[in-house]
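Quick note: numbers below take in every heavy atom, side chains included, and nothing from hydrogens, waters or symmetry partners.
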Protein chains: 2
Amino acid sequence: MTPRTDADELTERPRVPLSRRRVLRAAVELADRDGLDALTMRRLAQEVGAEAMSLYHHVANKEAVLDGVVEVVLGEIAAAVEDVAAPAAADDWRGALRARILAARDVLLRHRWAPAVLESRTTTSPDVIAYYDGVVGILRAGGFSFDLAHRALHVLGSRALGFTQELFRPDGAEAPDAEAVAGMAERFPNIAGMLADAVHDDPDGTLGFCDDQFEFEFALDLILDGLERRRTAGS
Amino acid sequence: MTPRTDADELTERPRVPLSRRRVLRAAVELADRDGLDALTMRRLAQEVGAEAMSLYHHVANKEAVLDGVVEVVLGEIAAAVEDVAAPAAADDWRGALRARILAARDVLLRHRWAPAVLESRTTTSPDVIAYYDGVVGILRAGGFSFDLAHRALHVLGSRALGFTQELFRPDGAEAPDAEAVAGMAERFPNIAGMLADAVHDDPDGTLGFCDDQFEFEFALDLILDGLERRRTAGS
DNA sequence: ACCTGAACACCGTTCAAGT
DNA sequence: ACCTGAACACCGTTCAAGT
């Protein structure tokens, strides 16, 4: 648009030629910083110091960008999962799987937009299949039949990758002022009671109503429990 | 755009005045028929025989339309859940909850786009809170503490409304031709083994690899099991 | 009060043209 | 080979004008 000046040359980082890798890294950074809605072809181009149309030489279209950022994030997960200190699957499949799932979760907590993108993909990414292949490997080493391992994948669902989409986030939870709770009590008596009870248990309220990490681990352990029970019962 | 003619008068259904209710019903029908991407303000207007701008007299904006279609679907769920034959919660909380969840699932199977919209809402809809209020009511009647009921909501997550977003749908499952499986075996040995085993169990293949309804119920029962175990253990 | 057309500020993407 | 500007067919939405 405006002609390039020497000033541009000096303030810009050295002119690296565009590449698929660089486009995708920029896309992840952009989504981290400004959210998923900010990830448009035009803004992404701006981010790498090019015009929107230049991107099309390195990615087929926007869907390919979204596939690509999934690839980047799953790369980070694969690396984190490899590095994690965990017992051998043959000795303790639960410990092995639990540690890996929590490591994956740590990565997704740094890319909060990623679960939504992951769920929007219509064809399963090879990297997702590879991740689940690792999960099945752990289960097999822990003594699961293929059949029960298959069921385990369905029970775990996205939790195997360390996240669950929460539909229900009680709004008044952080600031449960008496008035809002009172209005709520009429329409949602059970929820209101639950909230009141939680506040009572923790009068300072500093912990907040929902400690998501705690809840995630509680749910994960309940499921791992149930799977272990099925494993020893069946076969 | 083109002037109205008598022919239009005759072929159109009788001119009902626009209303929020009518706009939202049309939005649900449109999404059912042509998918979520087809749900644009312009196409929606066309659907009710008006211009796009006319919609704004009945809904604030597109977000309000999405909130509205959630409202409609949750209305259907509330009706289905009320009608379902289920044991009394005080006698059998598991049976009571299970029947309601499967009834909710039936509704969502008729509106497959609805889970994605539900998950896209940034503020929790009052209708979602009302639904979860009912769930807590059942758990309380079944002898749950507020604390354990709260955890149960987190464990169930969207499964309480009858759906789970599946990240992992093995593609070759429906047509596991030998070549594709062989290519897969190298990169995803465990998944390939799982697929091969499943095919072996069901040589006709008519059932397909994943019976989602079966898997949904298996996972649901595993979770209800685990919750019952926590309930009798704790207190 | 209810509805509308034109217009605005955005999208993703195609195409023909530049170096 | 790589990048670009203009243009196209869409979005959601504002505004001033119609009945």
Protein-nucleotide distance (B:R42, atom CZ; C:dG5, atom P), rounded to Å
13 Å
Compare every heavy atom of B:K62 with every heavy atom of B:L39, then report the nearest pair and how far apart it is.
O-NZ, 2.8 Å
Calculate the interatomic distance between B:K62 atom NZ and C:dC10 atom C1'; express it in whole Å.
14 Å
May I ask you to check if A:R105 and A:F216 form a cation-pi contact, with NZ or CZ under 6.0 angstrom from the six-membered ring centre and within 45° of the axis?
yes
Taking the side chain as every heavy atom from C-beta outward, state whether A:F146 and B:I191 have any atom pair closer than 4.5 Å.
no
Using whole Å, what does the distance between atom C1' of nucleotide C:dC2 and atom CZ of B:R20 come to?
18 Å
Would you mind reading off the distance between B:E51 atom CD and C:dT4 atom P, rounded to a whole angstrom?
5 Å
For the side chain of A:Y56, starting at C-beta, report the closest nucleotide among C:dT13, D:dG12, D:dC3.
C:dT13
Need to verify one output field. Residue with the more 5' nearest nucleotide on DNA chain D, A:A52 or B:T40?
A:A52
Between A:L39 (CG) and C:dC11 (C1'), how many Å, whole number?
13 Å
Taking the side chain as every heavy atom from C-beta outward, state whether B:R20 and B:E71 have any pair of such atoms under 4.5 Å apart.
yes
Pairing annotation in dot-bracket form, given for DNA chain D with Watson-Crick or G-U pairs under 3.5 Å and | for cross-strand partners
||.|||||...|||||.||
Starting at NE2 of B:H58 and ending at P of C:dT4, how long is that distance when rounded to a whole Å?
11 Å
Once the angle between the rings of B:F214 and B:F218 is folded into 0 to 90°, is it parallel (under 30°), tilted (30 to 60°) or perpendicular (over 60°)?
parallel
Taking every non-hydrogen atom, the tightest pair across B:H58 and B:S19
CD2-CA, 3.7 Å
Could you state the CZ-C1' distance from B:R43 to D:dA9, rounded to the nearest angstrom?
15 Å
Any base atoms under 4.0 Å from B:S54, or only sugar-phosphate, or nothing? Heavy atoms, all strands.
base
Counting only distance, no hydrogens or angles, is the base of C:dC3 paired donor-acceptor with the side chain of B:H57 under 3.5 Å?
yes
Which listed nucleotide (D:dC15, D:dT4, C:dC11) is nearest to the side chain of B:M53?
D:dC15
Rounded to the Å, how far apart are B:L44 CG and D:dT13 P?
12 Å
Using a 4.0 Å heavy-atom cut-off across all strands, classify A:M41 as base, sugar-phosphate, or nothing.
sugar-phosphate
Looking at D:dC3, C:dT13, C:dT4, which one has an atom nearest to any side-chain atom of A:L18?
D:dC3
Check ion pair B:E51-B:R42 (N to O, under 4.0 angstrom)
no
